[in-house]
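Structure, as structure tokens:
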Amino acid sequence: MAARGQRLFANLFEGWFQLRRRFPPELLDDMTAAIADGEHTHLGEVRFAVESRLPLPAVWAGLDARTRARQVFGQLGVWDTEHNCGVLIYVLMSEHRIEIVADRGIARRVKPEEWVAICNGMRENFAAGQWRAGALQGITRVHTLLATHFPGHGKPRPDELPDRPVLL
């Protein structure tokens, strides 16, 4: 039993270490700036969340990455924007999954294939070890879609959600 507990602890620590190695503070700062800058071009709100692995009780309950992304979407309040155009980019490192969850305002206007294309581009970068490029490219492409469908027309607006990525 003790050996099993030690392996579990080692796996959890490894996940935490990999998360911080791939998303160091400098990258989080750059992602924060990219999210904030891009939001000046549209009426939407973008959040970025990264999780090393699903919690064991969630795995035992059959939770998948898409369902977890929807949970995080709700927990971070991405649904709570004036124009219903919040977007969450969710990365689950252990399963090499990237999910984009869009609020109903933007989901009505963007084809699912466009979200899939963004995820695929990010996944290719991540698989090549290019975490910075993948994250920033994904953020930029989401901003492009939001600017197309919810342009800001240069008008100032309040920042409704935090711009800093969340490491779960």
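Note that the structure is a prediction, hence the values are computed from the model and not measured.
- Contact detail for Val46 and Ile35: the closest heavy-atom pair is O-CG2, 3.5 Å.
- Residues Pro151 and Thr41 fail the side-chain proximity criterion, which asks for heavy atoms closer than 4.5 Å.
- Rounding to the nearest 0.5 angstrom, the gap separating the CZ atom in Arg21 from the CG atom in Leu27 is 13.0 Å.
- Applying the ring pair (Phe, Tyr, Trp, His ring centres under 6.0 Å) criterion to Phe73, with sequence neighbours excluded, gives no partner residue.
- Arg70 contributes atom CZ, which lies 13.0 Å from atom OH of Tyr90 (distance to the nearest 0.5 angstrom).
- Looking at Arg53 and Met93, their side chains never come closer than 4.5 Å, going by heavy atoms from C-beta outward.
- A distance-only check finds a donor-acceptor pair linking the side chain of Arg157 to the backbone of His42 [under 3.5 Å].
- Taken from OG1 in Thr144 to NE2 in His149, the straight-line distance is 10.5 Å, to the nearest 0.5 Å.
- The two atoms that bring Gln137 and Met122 nearest to each other are OE1-N, 3.8 Å, heavy atoms only.
- The minimum heavy-atom distance linking Gly86 with Thr81 is given by the pair N-OG1, 3.6 Å.
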Criterion side chain to side chain contact (heavy atoms under 4.5 Å, CB included) on Glu45 and Glu39, from CA distance to verdict: CA-CA 6 Å; Glu45 290 287 331; Glu39 286 179 352; 3.3 Å; yes
Candidate pair Ile89 and Ile139, rule side chain to side chain contact (heavy atoms under 4.5 Å, CB included), full reasoning: CA-CA 8 Å; Ile89 302 170; Ile139 291 167; 4.2 Å; yes
Side chain to side chain contact (heavy atoms under 4.5 Å, CB included) between Val142 and Trp115, worked out: CA-CA 8 Å; Val142 166; Trp115 299 123; 4.2 Å; yes
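- Note that the CZ atom of Arg47 and the CZ atom of Arg164 stand 11.0 Å from one another [nearest 0.5 Å].
- Ring geometry for Phe23 against Trp131 counts as perpendicular: the plane angle is over 60°, on a 0 to 90° scale with 30° as the lower cut.
- Residues forming a side-chain contact (heavy atoms from CB on, under 4.5 Å) with Ala65 (at least two apart in sequence, or on another chain): Leu92, Glu95, Arg97, Glu99.
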Val78 and Val101: CA distance, side-chain angles, deciding distance, side chain to side chain contact (heavy atoms under 4.5 Å, CB included) verdict: CA-CA 9 Å; Val78 183; Val101 182; over 6 Å; no
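- A search for side-chain hydrogen bond (donor to acceptor under 3.5 Å, both in side chains) contacts involving Thr67 returns Asp64, not counting sequence neighbours.
- The same ILVMFWY cluster, assembled from side-chain heavy atoms under 4.5 Å apart, contains both Leu63 and Leu168.
- Of all the heavy atoms in Ile100 and Arg66, the pair that sits closest is O-NH1, 2.8 Å.
- Of all heavy-atom pairs spanning Cys119 and Ile98, the tightest one is SG-O, 3.5 Å.
- Asn120 meets the side-chain hydrogen bond (donor to acceptor under 3.5 Å, both in side chains) test with Arg123; sequence neighbours excluded.
- The minimum heavy-atom distance linking Arg68 with Glu51 is given by the pair NE-OE1, 2.9 Å.
- Take Arg141 and apply the side-chain hydrogen bond (donor to acceptor under 3.5 Å, both in side chains) test, not counting sequence neighbours, and it matches no residue.
- Atoms CG and OG1, on Asp37 and Thr140 in that order, are 9.5 Å from each other to the nearest 0.5 Å.
- Taking CZ of Arg132 as the reference point, atom CD of Glu26 lies at 7.5 Å (rounded to 0.5 Å).
- Residues Leu88 and Leu76 meet the side-chain proximity criterion, which asks for heavy atoms closer than 4.5 Å.
- Between Asp103 and Val87, the closest side-chain pair of non-hydrogen atoms is not below 4.5 Å.
- Residues that satisfy the side-chain contact (heavy atoms from CB on, under 4.5 Å) test with His83, not counting sequence neighbours, are Leu43, Cys85, Phe150.
- Contact check for Thr32 versus Phe48: no side-chain heavy atoms found under the 4.5 Å cut-off.
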